[in-house]
There are 2 protein chains.
Amino acid sequence: MNTLAEENYLKSIYHLSINAENVSTNQIAASLNTKASSVTDMLKKLADKALINYTKYQGVSLTSSGEKIAVNIIRKHRLWEYFLVEKLKFKWDQVHDMAEEMEHISSAELIDRLDEFMDYPQHDPHGEPIPDCNGRFKASELKPISTLSVHDSGTISGVRDHSSSFLQYLEKQQLTLGKKISIMEIVEFDHSMIIQMENKKEIHISREAANNLLIAL
Amino acid sequence: MNTLAEENYLKSIYHLSINAENVSTNQIAASLNTKASSVTDMLKKLADKALINYTKYQGVSLTSSGEKIAVNIIRKHRLWEYFLVEKLKFKWDQVHDMAEEMEHISSAELIDRLDEFMDYPQHDPHGEPIPDCNGRFKASELKPISTLSVHDSGTISGVRDHSSSFLQYLEKQQLTLGKKISIMEIVEFDHSMIIQMENKKEIHISREAANNLLIAL
DNA sequence: TAAAAAATTTAGACTTATCTAAATTATGAA
DNA sequence: TTCATAATTTAGATAAGTCTAAATTTTTTA
């Protein structure tokens, strides 16, 4: 088994790998709130365990066994988030930190039974896909609404930022998963957008918000 | 917050305190599978935090704040065990190690909602009382069937040993919680007992088993 | 393309929790 | 009540994970 710190590094590398082939020491340090020197130490350790491909000064990528572990942790995280929202009635902005602890519970049988108990959910409360017990899932085909043009429309299906401040803002604006929206206007000056809800109400959202709100194709 | 190691020491001291006023270094070492010298180090640390009363060479007891923490961990342990058995359909002999990890999940709101979700169970799958959110619970008024006499009878309501070997043995003999039994004979030679089940079937159990099987008064 | 800046690694130190071996204190049997 | 034994503590070491400061490598830019 791997330590808690190792698991967190693998997960962080996995998430950062979505944007780039290789992940840098500084990126990992920033995402884990540690110092670059601490990261270097851990990278050596993970490389020794054959969980990452690491060449000094060149950044890292996960090996297939490293990726397997990372995906499993993400599976656990997302299933626990689903549990917290669907069964224990937490709001989607409250569950991240709890799931961050729960994802390290080791038993595979526990998580498989939890999956069954909840009837094999496909997406977590933020719209992220939940890997199955073999680590398989379809990559989300979502894109930020900031990429849409005027008159485009679609269904809100995910968020990129999971911070409670963002999620609470969305909640307040009723911009929650499943809601249908249309782009009414894009303000050229600051790239903010005016969008229309199903109930015809119009909302003005910033470029930053638009970048973090995802829509199904 | 306290570290995982600290929490395990407090829990261990709490459990050992049931038999004695003061708990010895060696008892703690045995229960946690560590060395006495490691225990001494930790005792100093816990005493500094005012979680235990500690005088060199004299053993320890929990302070009220130490006890509060210990009871809270036990509450979490027992609620998670109940969840695993009632919701995820694990057997009572499978849940201990998982709960041992889950009891360290920190959120109080999570555990209170879990409690509510399960409709405030009073006892865990082994018959142990579950403390409420204020740490209150009625001490179990159970006694080992080894203390009974011939012709006495009662309902199996708890076990003292939570090892899966013992629990599996009980399962096989149908000696599970809620079953009514009567003492038919006590073998003087080895203190083993012949007991009768509701269905009139007779079972012969060792003194050791009788010591670990608890009955409601 | 060489110097400056940024990124990364190394060196050495600290904390937590553990260990072994040695020293000290308490206990109980003669 | 003393002395052997058991229990406990102390001293010093180790491993994991982190840190700061210094050194090194890579990248950028002029």
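Residue numbers start from 1 in every chain, and the chains themselves are labelled A, B, ... in the order their sequence lines are given, proteins ahead of strands. All values below come from the heavy atoms of this structure, side chains included, with hydrogens, waters and symmetry mates left out.
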### Task
Under 3.5 Å for both distances, Watson-Crick or G-U wobble, that's the pair rule; now give the dot-bracket for DNA chain C, with | marking pairs to another strand and [ ] for crossing ones.
||||||||||||||||||||||||||||||
### Task
Run the numbers on Q94(B) and S164(B) for side chain to side chain donor-acceptor pair (under 3.5 Å), then give the verdict.
CA-CA 7 Å; Q94(B) 299 178 296; S164(B) 50; over 6 Å; no
### Query
Between L177(A) and G127(A), what is the shortest heavy-atom contact and its length?
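L177(A) and G127(A) have their closest heavy atoms at CD1-N, 3.5 Å.
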Measuring from the side chain of [X] (C-beta onward, heavy atoms only), which nucleotide among [options] has the closest atom?
{"X": "K44(A)", "options": "dT9(C), dT10(C), dT18(C)", "answer": "dT10(C)"}
{"X": "D41(B)", "options": "dA7(D), dT18(D), dC19(C)", "answer": "dC19(C)"}
{"X": "N26(B)", "options": "dT18(C), dT10(C), dT8(D)", "answer": "dT8(D)"}
{"X": "T25(B)", "options": "dT8(D), dT9(C), dT18(D)", "answer": "dT8(D)"}

### Task
Write out all pairs satisfying side-chain hydrogen bond (donor to acceptor under 3.5 Å, both in side chains) with one or both partners inside residues 208-217 of chain A, taking only residues at least two apart or from two chains.
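Pairs touching residues 208-217 of chain A that pass the test: S146(A)-N211(A).
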N/O-N/O pairs, protein side and nucleotides 20-22 of chain C side, under 3.5 Å:
| unit_1 | atom_1 | unit_2 | atom_2 | d |
| --- | --- | --- | --- | --- |
| dT20(C) | O4 | S37(B) | OG | 2.9 |

### Message
Test of understanding: with side-chain contact (heavy atoms from CB on, under 4.5 Å), list the residues that count as partners of N19(B), not counting sequence neighbours.
### Response
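N19(B) satisfies side-chain contact (heavy atoms from CB on, under 4.5 Å) with no residue once adjacent residues are dropped.
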### Message
Can you list everything that forms a side-chain contact (heavy atoms from CB on, under 4.5 Å) with E116(B)? Sequence neighbours excluded, please.
### Response
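Applying side-chain contact (heavy atoms from CB on, under 4.5 Å) to E116(B) gives Y120(B).
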### Main-chain N/O of N8(B) paired with S12(B) side-chain donor or acceptor, under 3.5 Å
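No: the side chain of S12(B) does not pair with the backbone of N8(B).
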[N] [atom2] sits how many Å from [X] [atom1], rounded?
{"X": "L4(A)", "N": "dT16(C)", "atom1": "CG", "atom2": "P", "result": "17 Å"}
{"X": "M1(B)", "N": "dT16(C)", "atom1": "CE", "atom2": "P", "result": "16 Å"}
{"X": "L43(B)", "N": "dT16(C)", "atom1": "CG", "atom2": "P", "result": "16 Å"}
{"X": "N8(A)", "N": "dA16(D)", "atom1": "CG", "atom2": "C1'", "result": "14 Å"}
{"X": "M42(A)", "N": "dT8(C)", "atom1": "CE", "atom2": "P", "result": "17 Å"}

### Message
Can you build the contact string for nucleotides 24-29 of chain D? Use B for base contact, S for sugar-phosphate-only contact, and - for no protein heavy atom under 4.0 Å.
### Response
BSS---
### Task
Any chance you could lay out the side chain to side chain donor-acceptor pair (under 3.5 Å) test for N53(A) and T63(A), step after step, and finish with the verdict?
CA-CA 6 Å; N53(A) 306 115; T63(A) 62; 5.8 Å; no
Going by atom type alone, with no hydrogens or angles, which donor-acceptor pairs under 3.5 Å involve a side-chain atom of residues 32-44 of chain A and a protein atom two or more places apart or on another chain?
| unit_1 | atom_1 | unit_2 | atom_2 | d |
| --- | --- | --- | --- | --- |
| T40(A) | OG1 | A36(A) | O | 3.2 |

### salt bridge (charged side-chain N to carboxylate O under 4.0 Å, His left out) contacts touching residues 70-92 of chain A (sequence neighbours left out)
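Listed by first then second residue: R75(A)-D112(A), R75(A)-D115(A), R78(A)-D124(A), R78(A)-E128(A).
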### Query
So, is Y54(B) close to the dT8(D) phosphate, meaning a side-chain N or O under 4.0 Å from OP1 or OP2?
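So the side-chain polar atoms of Y54(B) never come under 4.0 Å of the phosphate oxygens OP1 or OP2 of dT8(D).
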### Task
Between E6(A) and V39(B), just flag the one whose closest nucleotide in DNA chain D comes earlier from the 5' side.
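Looking at DNA chain D, the more 5' nearest nucleotide goes with V39(B).
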### Query
So among L214(A), D152(A), I205(A), which one has a side-chain contact (heavy atoms from CB on, under 4.5 Å) with I145(A)?
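With I145(A) as partner, L214(A), D152(A), I205(A) yield a single side-chain contact (heavy atoms from CB on, under 4.5 Å), made by I205(A).
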### Message
If the condition is ring-ring contact (aromatic ring centres under 6.0 Å, His included), which residues does F83(B) pass it with, not counting sequence neighbours?
### Response
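F83(B) satisfies ring-ring contact (aromatic ring centres under 6.0 Å, His included) with F83(A), W80(B) once adjacent residues are dropped.
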### Task
Could you pull out all residues at least two apart from H126(A) that satisfy ring-ring contact (aromatic ring centres under 6.0 Å, His included)?
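Residues passing ring-ring contact (aromatic ring centres under 6.0 Å, His included) with H126(A): H162(A).
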### Query
Got a salt bridge between E100(A) and K11(A), using NZ or NE/NH1/NH2 to carboxylate O under 4.0 Å?
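So E100(A) pairs with K11(A) through a salt bridge.
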### Query
What are the residues of residues 15-23 of chain A, sorted by number, that bring a heavy atom to within less than 4.0 Å of DNA chain D?
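Heavy-atom contacts with DNA chain D come from no residue of residues 15-23 of chain A; none.
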### Message
Once salt bridge (Lys or Arg N to Asp or Glu O under 4.0 Å) is applied, do any residues pair with E109(A), and if so which ones, sequence neighbours excluded?
### Response
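Partners of E109(A) under the salt bridge (Lys or Arg N to Asp or Glu O under 4.0 Å) test: R113(A).
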